[in-house]
Amino acid sequence: MVSQEGYQGYIWKWTNYFGGWQQRWFVLKDGSLTYYKDANTTGTGCRGSFKLEACNIVVHPVDPLRFDLTTSSQRIYLKTNTKPCRQRWIIQLGTTKANISEEMPDVTTVTLSSFNEHKTELKTVRLLLSEQIDEIYNICNSNEIDMDKLKQSQAMVNELCEEFMTTLNSCTNNIIGDERECSTPMVKRSPAPSTSPNQLLSLGSYIPPTRHSPVDGDVISNDGSGLSVDPLSGNVLPEALLRNSPERASSRNSGEYHSAGIKRAEKLPSTYFLSIGDRFEDLYLKADAIPTVAFLDACAAIPKLLITVGGKAVITLSLDIQNNINKIQIKQKLHPSKSDTLQAMIHLEIGTMTTHAKHSATTALLWLHRELDFVKEFLSGIAEANGVSDMSAKFMECYGRTLRNHHNVMSRSVYTVAAKAIPYREDMLRALGHDGMAHTDTAVLTDLRTYSNAIETVVKYIETFYINNKLLMS
């Protein structure tokens with residue numbers, strides 16, 4: 001029950017093999033779960049207390065009355081008298097734990113930590129729903145239907161569905177913000193770009209670089225020592241790094257490789273894309289050979305690009321992309337000599353029969369390929385959506401053609417809600433432009449098409465390789 005003292009009630013707690021299960025009075029308040037011998041001894045000192053921030057809630061896979069709390073050093077075994085009672089306790093504990101993350105002082109930590117906690121809570125609710133569906137199935141298939149049990153299970157399912165939607169809403173609001181804070185429903189507006197050269201790149205806004213990014217024929221200042229100064233960061237870098245990685249530069253004139261994209265020849269205003277050090281159109285490809293390091297360098301720019309274009313609405317996708325990049329990078333560093341190309345890395349796993357292993361490069365690249373396919377579709381959609389302001393429908397259209405078929409119900413729900421928070425097209429173009437003026441739109445659209453076309457070339461290479469080696473998975 002809920003009172004001014006918090007959520008409280010009796011739960012059975014496993015003590016030891018001699019004491020067995022003992023009924024204790026538990027109180028959930030201020031982020032802590034405290035228990036006493038009984039309800040009458042709350043003023044005489046507790047038997048134990050646990051900070052939920054440091055606990056994981058584990059639903060017992062067999063016993064419908066059991067659930068456990070685990071910390072880094074111990075496991076607390078708990079049991080209720082009824083299924084509805086257990087369900088209410090699990091929901092209360094999960095909600096409290098998720099809300100703790102929202103009260104953390106660091107904004108970035110809040111977003112990521114709260115999202116992860118709410119995602120864990122959703123998984124718990126999904127497990128409880130599965131239990132109740134099985135229970136209803138068993139009741140309906142018994143010789144004599146117990147109407148009281150059926151009504152109880154139906155009530156629990158309704159309660160879980162409401163909790164699922166509430167948690168899903170909290171999960172997405174942590175990423176895209178509360179609707180009440182928006183000038184238009186579920187659409188976040190970016191502040192006008194600052195002209196301060198020392199201001200960091202913020203979510204949904206672009207601060208143009210202080211240098212003139214090199215295009216064909218441009219030269220970055222060099223003192224003749226073979227080292228160049230990056231005006232944006234002030235770092236001294238080898239000249240070769242500013243041009244391209246060795247594995248790309250060495251093959252440019254060999255005739256064996258070709259560029260993944262075509263750079264624009266016109267002298268148009270600078271855009272966000274010219275601040276990206278490693279672009280997909282700079283990749284030099286050979287049949288059945290995509291340079292691993294160069295590919296990962298190009299992919300590394302995608303998360304920040306997505307945040308610049310879509311703000312908090314695409315943070316989930318950005319995190320997924322970064323996670324898959326990290327997995328491939330780890331595999332590449334384990335066997336650098338045998339992983340100079342993506343195809344060689346995957347062939348290594350094919351040879352060792354580890355393509356389906358946990359955290360395999362094969363699976364990570366497959367998902368990264370799918371995510372890049374979506375990015376390509378969406379960037380192309382932005383470029384071609386002349387006269388369209390609200391990009392929510394375009395976002396879902398691109399999602400439906402790419403990632404949706406590979407996602408579960410929960411992921412689809414997150415993307416559906418996120419689509420409502422996608423900025424207007426004019427805001428996206430402004431974020432990608434140098435100064436936000438209308439005359440830069442031509443440059444932005446040109447670079448959007450160039451960038452997305454180069455991604456498409458790389459995506460087709462990877463897809464062809466997976467098809468030829470029968471590696472495509474649902």
With rounding to the nearest 0.5 Å, note down the distance linking NZ in Lys376 to OG1 in Thr457. 10.0 Å
Restricting to ring-ring contact (aromatic ring centres under 6.0 Å, His included), what partner residues turn up for Phe67, sequence neighbours left out? none
Which residue pairs pass the salt bridge (charged side-chain N to carboxylate O under 4.0 Å, His left out) test when at least one of the two sits in residues 355-366, sequence neighbours left out? none
To the nearest 0.5 angstrom, please state how far the CZ atom of Phe295 sits from the CG atom of Leu372. 5.5 Å
Would you call Leu274 and Asp447 a side-chain contact if the rule is heavy atoms closer than 4.5 Å? yes
Chi angles and distances behind the side chain to side chain contact (heavy atoms under 4.5 Å, CB included) call for Leu471, Ile350: CA-CA 9 Å; Leu471 294 172; Ile350 293 174; 4.0 Å; yes
Is a side-chain donor-acceptor pair under 3.5 Å present for Ser360 with Thr363? yes
Residues that Ser452 engages under side chain to side chain donor-acceptor pair (under 3.5 Å), provided they are two or more places apart: Ser380
Rounding to 0.5 Å, atoms NZ (Lys394) and CD1 (Ile422) come to a distance of 13.0 Å
State whether the side chain of Gln343 and the backbone N or O of Phe465 hold a donor-acceptor pair below 3.5 Å, judged by distance alone. no
Apply ring-ring contact (aromatic ring centres under 6.0 Å, His included) to His369 and list each qualifying residue two or more places apart in sequence or on a separate chain. none
Salt-bridged, Glu281 to Arg279, with N to O below 4.0 Å? yes
Residues two or more places apart in sequence or in another chain: which of them pass side chain to side chain contact (heavy atoms under 4.5 Å, CB included) with Ala300? none
Side-chain touch Met345/Gln332, heavy atoms, less than 4.5 angstrom: yes
N/O donor-acceptor pair under 3.5 Å between Thr292 side chain and Thr341 backbone: yes
State which residues pass side chain to side chain contact (heavy atoms under 4.5 Å, CB included) with Lys338; sequence neighbours excluded, sorted by chain then number. His335, Leu348
Between Ser32 and Asp30, a side-chain donor and acceptor under 3.5 Å: no
Asp282 (side chain) donor-acceptor with Asp278 (main chain) under 3.5 angstrom: no
Pair Phe395 and Phe374, ring centroids less than 6.0 Å apart: yes
Can you list everything that forms a salt bridge (charged side-chain N to carboxylate O under 4.0 Å, His left out) with Glu349? Sequence neighbours excluded, please. none
Side chain to side chain contact (heavy atoms under 4.5 Å, CB included) partners of Asn323, counting only residues at least two apart: Lys327
Are the side chain of Asn324 and the backbone N or O of Asp320 linked by a donor-acceptor pair below 3.5 Å? yes
Side chain to side chain contact (heavy atoms under 4.5 Å, CB included) with Ala393: which residues, sequence neighbours excluded? none
Those residues at least two apart in sequence (or on a different chain) that pass salt bridge (charged side-chain N to carboxylate O under 4.0 Å, His left out) with Arg401 are Glu377, Glu397
Quick check with a 6.0 Å cut-off and a 45 degree axis cone: is Arg86 positioned over the face of Trp89's six-membered ring? no
Contacts of Ser337 meeting side chain to side chain donor-acceptor pair (under 3.5 Å) (sequence neighbours excluded), chain-then-number -> none
From CA spacing to verdict: side chain to side chain contact (heavy atoms under 4.5 Å, CB included), Asn386, Arg425: CA-CA 9 Å; Asn386 296 323; Arg425 182 174 183 263; 3.4 Å; yes
Distance-only donor-acceptor check, side chains Ser411 and Asn408, under 3.5 Å: yes
Got a second to check how far Thr362's OG1 is from Ile346's CD1, nearest 0.5 Å? 3.5 Å
Pairwise salt bridge (charged side-chain N to carboxylate O under 4.0 Å, His left out) hits with a residue in residues 448-463, at least two apart: Glu384-Arg449, Glu456-Lys460
Answer with yes or no whether the side chains of Thr402 and Asp373 bring together a donor and an acceptor at under 3.5 Å. no
Within a strict 4.5 Å, meaning less than it, do heavy atoms of the Ser389 and Glu426 side chains meet? yes
Taking Arg370 for the side chain and His406 for the main chain, is one N or O donor matched with an acceptor at less than 3.5 Å? no
Spacing of Thr316 atom OG1 and Ile321 atom CD1 [to the nearest 0.5 Å]: 11.0 Å
Hey, does the side chain of Ser392 reach the backbone of Ala419 with a donor-acceptor pair shorter than 3.5 angstrom? yes
Check the angle between the aromatic planes of Tyr399 and His407 and answer parallel, tilted or perpendicular using the 30° and 60° thresholds. tilted
Going through the distances and angles, do Val314 and Tyr415 end up as a side chain to side chain contact (heavy atoms under 4.5 Å, CB included)? CA-CA 9 Å; Val314 292; Tyr415 274 79; over 6 Å; no
If you define the side chain from C-beta out and look only at heavy atoms, does anything of Val58 sit under 4.5 Å from Leu69? no
With the side chain counted from C-beta on, respond yes when Asn326 and Gln322 share a heavy-atom pair under 4.5 Å apart, and no when they do not. yes
Please name the pair of heavy atoms, one in Phe280 and one in Ala298, separated by the smallest distance, quoted to 0.1 Å. CE1-O, 3.6 Å
When rounded to the nearest 0.5 angstrom, what distance separates OG1 in Thr354 from NE2 in His359? 13.5 Å
